[in-house]
Participant: 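I'd like to ask some things about the structure below.
The shown structure was predicted, so the numbers you read here are calculated from the model rather than taken from an experiment.
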Amino acid sequence: MDKTFNPQDIEQQCYAEWEQNGYFAPSGSGDPYCILLPPPNVTGSLHMGHAFQHTIMDALIRHRRMKGDNTLWQCGTDHAGIATQMVVERQLNAKGLTRHDLGREDFVKKIWEWKEESGGNITQQMRRLGTSPDWTREAFTMDEDLSYAVQEVFVKLHEEGLIYRGKRLVNWDPVLHTAVSDLEVLNEEENGHMWHLRYPLADGSGELIVATTRPETMLGDSAVAVHPDDERYQALIGKAIKLPLTDRLIPIIADDYVDPEFGTGCVKITPAHDFNDYDMGKRHDLPMINILTSDAKINDNAPAAYQGLDRFDCRKQLVADLDAQGILVKVEDHKLKVPRGDRTGAVIEPYLTDQWYVAVDSLAKPAIEAVESGEIKFVPENWNKTYYQWMHNIQDWCISRQLWWGHRIPAWYDEAGAVYVGRDEAEVREKHNLGADVLLRQDEDVLDTWFSSALWPFATMGWPKDTPELATFVPSSVLVTGFDIIFFWVARMIMMTKKFTGQIPFKEIYITGLIRDENGDKMSKSKGNVLDPIDLIDGIELETLVAKRTSGMMNPQDAAKIEKRTRKQFPEGINAYGTDALRFTFAAMASTSRDINFDMGRVEGYRNFCNKLWNASRFVLMNTEEFDTGRAGGELSLSLADEWIIDRFQSTIADVEAAIADYRFDLAAQAIYEFTWNQFCDWYLELSKPILQDENTSEAQKRGTRHTLINTLEQLLRLAHPIMPYITEQIWQRVAPLSDVQDTSQSIMVQAFVEYDEAKRNSKAAGDIEWLKQCIMGIRNIRGEMDISPNKPLSVLLKNAGAEDERRLAATQNVLTKLAKLETLTPLATDEQAPACATALVGEMELMIPMAGLIDKDAELARINKAIEKIEKDMARTSGKLSNENFVSKAPEAVIAKEQAKLDDMTMQIAKLNEQKETIAAL
RNA sequence: AGGACUAUAGCUCAGUUGGUUAGAGCGCUACCUUGACAUGGUAGAGGUCGGCAGUUCGAAUCUGCCUAGUCCUACCA
């Protein structure tokens with residue numbers, strides 16, 4: 001074995017073997033355990049959030065697989081309508097073409113080509129992470145099966161009247177020329193203006209002042225509204241306004257919606273371009289005057305002067321004209337929320353169009369109940385509040401998109417515009433008795449991507465066919481995802497799965513935190529703080545990293561800033577840490593918090609941990625490979641240390657299992673780390689050396705220790721495997737044949753997980769070794785503080801050893817002498833006067849190191865004083881408690897006894913320390 | 001406006017139903033190339049648990065208020 005662990009050497013080959021051997025597929029026996037991968041965008045690439053969540057899912061899957069469950073990790077990708085279409089469109093644009101130059105059919109063909117080419121990118125990256133989904137079942141939302149399910153759902157919902165078509169105001173992205181859902185619109189506060197306009201009464205008897213943040217919409221005004229109880233305007237209700245710049249007369253209406261306290265208490269109403277105004281327009285039966293084209297230019301309904309102008313150019317022109325005519329009263333700076341498309345960043349327009357909707361009320365009800373009843377559980381639990389809040393205010397879902405990439409809506413129109421919904425044209429004709437002479441054309445639009453991903457839990461299992469997978473893996477066990485898609489995806493899956501299978505889609509929803517950069521900022525291309533998980537695995541040169549971060553910027557002027565930042569943060573580039581270190585880092589960060597600041601220092605620390613495990617294994621193998629480990633039988637005589645490490649390991653198993661059951665991978669990782677480094681390496685390996693290296697120990701003792709070494713390591717590897725698959729596999733292949741594992745022909749990943757065994761606990765050994773550790777640490781402390789070389793053998797005297805101390809001493813004298821580097825260890829007779837010594841306390845026993853020639857009087861006095869001070873501080877608190885009448889009378893007996901014991905112990909320690917102090921001071 | 005969350009060592013974070021001497025990793029200081037490991041070892045320094053008040057015999061932990069920050073939802077023209 002190499003002296004250091006080199007992850008690059010093994011990972012990819014190891015993965016290929018797993019995949020070839022078919023280990024990822026469900027075993028077909030055991031309890032079903034299923035995780036649905038949130039399908040990433042097919043043309044996307046792996047980011048830190050994916051890597052984090054995929055690590056957790058893989059750890060869960062590997063854990064359950066080893067426990068013997070029938071595990072399925074259902075993977076696949078999403079066609080991501082808007083995002084994917086944009087990518088390919090941008091490529092065309094670069095060649096000076098638009099999608100319209102190609103036409104729909106060729107454009108869609110182009111996207112499929114692009115998907116074939118780059119669609120495997122993210123799944124290849126997932127393989128680098130060591131994830132173990134069943135690739136043979138990999139699904140794509142536009143696959144034939146899934147498309148069939150989409151169609152089926154659409155038709156059935158339509159038959160039930162739950163899908164309908166209607167002309168409504170939608171969020172319109174004028175760049176993409178499509179409607180988008182509420183969730184795809186981001187509302188950010190921006191600096192804008194408030195324009196105050198003078199609207200004259202038609203009869204010339206006066207005027208009203210209205211205010212607006214979007215003055216160009218006045219061209220579509222169809223009323224001015226005031227509050228019905230507003231005394232200022234009572235007389236004006238019902239009168240008409242002469243709308244400036246147009247020749248229209250619009251009424252003054254009364255409506256509760258108007259807040260009389262705000263502004264002038266008069267509101268201009270533009271039903272075709274504002275959601276609130278739209279509702280009011282419906283209530284008052286106002287005309288809906290659309291003044292925009294689909295790319296947000298002014299249309300023919302506006303005065304000729306403005307027709308064809310872009311909305312923002314129009315705004316400038318119109319404000320200037322109003323100003324010139326004295327209609328503009330004033331302009332104020334005003335902060336307002338501007339709706340922007342989450343993909344394009346374009347300002348979204350409320351726009352009147354025909355769209356398809358899902359009526360969600362009846363679907364939402366059972367979906368809410370599924371969480372309320374506890375059938376579905378959020379982890380951490382309080383995310384259910386977020387879920388309820390949205391579900392109780394849910395709006396009908398606009399599912400049509402004016403795109404070319406996606407599932408075409410299965411609806412046909414005849415020449416009269418009548419609409420027919422069916423699985424295909426033939427079915428439509430048959431169902432509605434439409435002869436061949438009736439011309440039908442299919443709806444041009446496609447469905448929202450989330451419509452198909454909402455079917456993921458059952459469509460990937462073969463629905464609408466009745467398959468064994470449906471019966472076995474619905475509901476799935478747990479969904480691991482981020483809070484940002486609770487509405488987009490999680491809620492919709494619950495609604496659809498309930499509706500079409502009658503089942504819940506998953507029993508638990510584990511909501512992970514969001515990975516941020518080291519300063520707590522969201523990682524984004526424009527900030528230039530994005531980390532690529534693959535770069536952490538393979539490492540990356542500084543220049544390559546700079547180039548990667550600064551290429552393809554939306555704002556090229558950010559590049560210099562990003563370059564500077566990158567060079568400062570990674571002057572040497574990024575080291576290759578390997579997959580296991582990265583995965584362990586993710587596991588260690590998976591606590592309950594919402595935001596996770598990614599700290600490179602931790603990756604390095606866990607890389608070191610991998611190396612530690614590697615080297616410990618090297619030591620174990622060096623001492624077992626050429627020797628008898630008891631695999632074939634033979635007498636095993638276990639040392640105290642052997643019994644102790646077995647006990648500690650059992651305790652670690654229990655901790656890890658409890659942590660995984662709670663999705664606390666941070667605690668699981670910590671338990672593994674602590675055991676491996678602080679118990680196994682720091683103590684057990686050291687304790688085993690005297691036994692293995694001493695000629696006087698018997699063969700049975702050596703065999704016992706070798707057996708414990710190799711088997712503890714073997715089990716530790718299985719315990720750690722779900723988090724660190726590669727290094728554990730690599731080491732296990734060499735370790736297992738020396739251990740008690742019988743069938744070592746296969747991978748560690750299909751071995752049984754380690755099981756906690758109460759019978760292996762041993763509190764006596766645990767107590768004895770803790771005592772031994774205290775003795776050693778006491779002596780090391782004196783060495784450290786007194787600057788005595790670790791190499792200098794010491795003669796130590798023992799005072800006040802009780803019967804238990806003597807028993808322990810007899811059992812451990814050999815290792816104690818070796819590990820504390822002692823020359824002699826001599827008990828002091830009760831009446832014997834000790835020389836001046838530096839002393840370490842272990843319980844009531846004193847370990848004394850004679851000072852002559854070694855220890856400076858003042859230094860030892862200072863050390864003692866420090867110890868006394870520390871104890872006295874705590875003692876004051878404890879004795880204060882015990883002298884408090886209230887405490888003694890009200891606290892539980894056990895607590896009082898504990899405090900009393902603490903006080904007794906501290907009193908004893910202080911007495912001994914004072915005694916020492918006096919002896920030394922008297923020198 | 002409503003809702004949720006966060007505040008613990010220089011940094012990144014643990015701390016289970018109130019009872020510990022408040023922990024870990026990184027970083028820091030001193031010493032150590034000892035035979036698994038310098039991606040290491042040994043010892044050590046470092047915190048009035050954001051602030052104030054309350055409940056309690058006892059609060060990092062429970063309650064209220066305040067401060068700072070983050071996020072979500074809905075928004076007034």
Side-chain angles (χ1 to χ4, degrees), chain A residues 1 3-5 182 187 194 210-214 217 225 257-259 261-270 274-277 334 336-337 380 382-383 385-386 388-390 393 483-484 486-487 514 516 518 520 575 577 581 588-589 591-602 604-623 658 662 664 666-667 670 673-674 678 681-682 685 689 693 777 780-791 821 870-871 873-875 877-878 881 884-892 894-896 898-899 902 906:
Chain A
M1 275 175 98
K3 206 172 161 183
T4 50
F5 171 56
D182 298 348
N187 291 294
M194 179 85 86
V210 297
T212 179
T213 55
R214 296 190 299 154
T217 61
Y257 161 76
V258 179
D259 176 3
E261 305 292 316
F262 189 89
T264 57
C266 304
V267 190
K268 64 191 260 324
I269 303 300
T270 322
D274 181 281
F275 288 99
N276 290 311
D277 293 5
H334 182 72
L336 74 164
K337 293 281 179 77
N382 38 352
W383 284 110
K385 291 190 185 151
T386 306
Y388 292 141
Q389 193 189 356
W390 190 67
N393 297 300
F483 59 82
D484 46 337
I486 290 178
F487 308 141
L514 199 74
R516 298 170 173 278
E518 69 283 359
N575 282 325
Y577 295 111
M589 294 190 313
S591 69
T592 55
S593 63
R594 265 180 194 202
D595 296 307
I596 296 163
N597 296 355
F598 193 83
D599 178 11
M600 289 293 293
R602 292 187 73 171
E604 185 168 344
Y606 295 125
R607 187 270 318 259
N608 296 351
F609 174 66
C610 290
N611 190 56
K612 190 76 179 175
L613 177 61
W614 181 261
N615 273 290
S617 305
R618 212 156 75 94
F619 172 82
V620 172
L621 287 168
M622 280 170 60
N623 285 285
D662 284 343
R664 288 298 303 270
D666 58 327
L667 299 181
Q670 205 195 352
Y673 185 102
E674 206 276 339
N678 303 121
C681 292
D682 285 353
L685 296 189
K689 286 175 186 174
Q693 290 159 9
M777 289 192 289
R780 282 179 183 168
N781 174 275
I782 294 172
R783 277 188 196 272
E785 300 232 337
M786 296 297 122
D787 254 341
I788 302 170
S789 160
N791 298 321
K821 191 105 185 171
K870 196 176 164 193
I871 296 169
K873 217 173 86 188
D874 298 328
M875 206 160 86
R877 197 172 358 181
T878 304
K881 272 190 197 174
N884 181 339
E885 188 55 40
N886 279 325
F887 175 74
V888 180
S889 59
K890 292 187 181 167
V895 173
I896 296 171
K898 203 169 151 193
E899 290 294 318
K902 216 157 80 184
M906 288 190 287

Participant: In Watson-Crick or G-U wobble terms, both distances under 3.5 Å, what is the partner of B:rU29?
Facilitator: B:rA43
Participant: Could you list all N or O pairs between the protein and nucleotides 41-48 of chain B that sit under 3.5 Å apart?
Facilitator:
residue, atom, partner, partner atom, Å
B:rG41, OP1, A:Lys612, NZ, 2.9
B:rG41, OP1, A:Trp677, NE1, 2.6
B:rA43, O3', A:Asn781, ND2, 3.4
B:rG44, OP1, A:Asn781, ND2, 2.7

Participant: Heavy atoms only, 4.0 Å cut-off, all strands: where does A:Lys873 land among base, sugar-phosphate and nothing?
Facilitator: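 No contact.
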Participant: In whole Å, measure the gap between the P atoms of B:rU21 and B:rA59 for me.
Facilitator: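 Approximately 14 Å lies between the P atom of B:rU21 and that of B:rA59.
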Participant: Can you tell me how far P of B:rC26 sits from CE of A:Met600, to the nearest Å?
Facilitator: 15 Å
Participant: Ion pair present between A:Arg602 and A:Asp599, side-chain N to carboxylate O less than 4.0 angstrom?
Facilitator: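 Looking at A:Arg602 and A:Asp599, the cut-off is not met.
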Participant: Are any of the side-chain nitrogens in A:Asp666 or A:Arg664 under 4.0 Å away from the carboxylate oxygens of its partner?
Facilitator: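 Salt bridge: yes.
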Participant: Determine whether A:Lys3 and A:Arg618 make a side-chain contact, defined as any pair of heavy atoms from C-beta on separated by less than 4.5 Å.
Facilitator: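 The answer is yes, as the side chains (C-beta and beyond) meet within the 4.5 Å cut-off.
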Participant: Hunt down the Watson-Crick or G-U wobble partner of B:rU6, both distances under 3.5 Å, from any strand shown, or write none.
Facilitator: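 Result: B:rA68.
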Participant: Counting any heavy atom closer than 4.0 Å, what does A:Cys610 reach on the DNA or RNA strands: base, sugar-phosphate only, or nothing?
Facilitator: nothing
Participant: What's A:Leu621 touching, base or sugar-phosphate or nothing? Going by heavy atoms closer than 4.0 Å.
Facilitator: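 No contact.
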Participant: Nearest to the side chain of A:Ala616, heavy atoms from C-beta on, is which of B:rC13, B:rU39, B:rA36?
Facilitator: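 That would be B:rA36.
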Participant: When both hydrogen-bonding distances must be under 3.5 Å and the geometry is Watson-Crick or G-U wobble, what is B:rA38 paired with, if anything?
Facilitator: none
Participant: Could you tell me which nucleotide pairs with B:rA24 by Watson-Crick or G-U wobble geometry, both distances under 3.5 Å, or answer none if nothing does?
Facilitator: B:rU12
Participant: At 4.0 Å (heavy atoms only), tell me whether A:Ser593 reaches a base, stays on the sugar-phosphate, or touches nothing.
Facilitator: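 The residue A:Ser593 makes sugar-phosphate contact but no base contact.
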Participant: Categorize A:Tyr606 for me: base, sugar-phosphate, or nothing, with a 4.0 angstrom heavy-atom threshold over every strand shown.
Facilitator: nothing
Participant: Contact class for A:Phe487 (heavy atom, under 4.0 Å): base, sugar-phosphate, or nothing?
Facilitator: sugar-phosphate
Participant: Identify the nucleotide, in any strand shown, that forms a Watson-Crick or G-U wobble pair with B:rC75, with both distances under 3.5 Å; if there is none, say none.
Facilitator: none
Participant: Under 4.0 Å between any heavy atoms, over every strand shown, what does A:Thr213 touch: base, sugar-phosphate, or nothing? Just pick one.
Facilitator: sugar-phosphate
Participant: Checking all strands, does A:Lys3 fall into the base, sugar-phosphate, or nothing category for heavy-atom contacts under 4.0 angstrom?
Facilitator: sugar-phosphate
Participant: Does B:rU55 pair with anything, Watson-Crick or G-U wobble, both distances under 3.5 Å, and if so, with which nucleotide?
Facilitator: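 Across all strands, not a single nucleotide pairs with B:rU55.
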Participant: For the ring pair A:Tyr606 and A:Tyr673, is the centre-to-centre distance below 6.0 Å?
Facilitator: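 Between A:Tyr606 and A:Tyr673, the centre distance is under 6.0 Å.
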Participant: Base, sugar-phosphate or nothing for A:Asp259? Non-hydrogen atoms, less than 4.0 Å.
Facilitator: base
Participant: Go through the N and O atoms of the side chain of A:Arg594 and the base of B:rU6, and report whether any donor-acceptor pair is under 3.5 Å.
Facilitator: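 Checked by distance alone, the answer is no.
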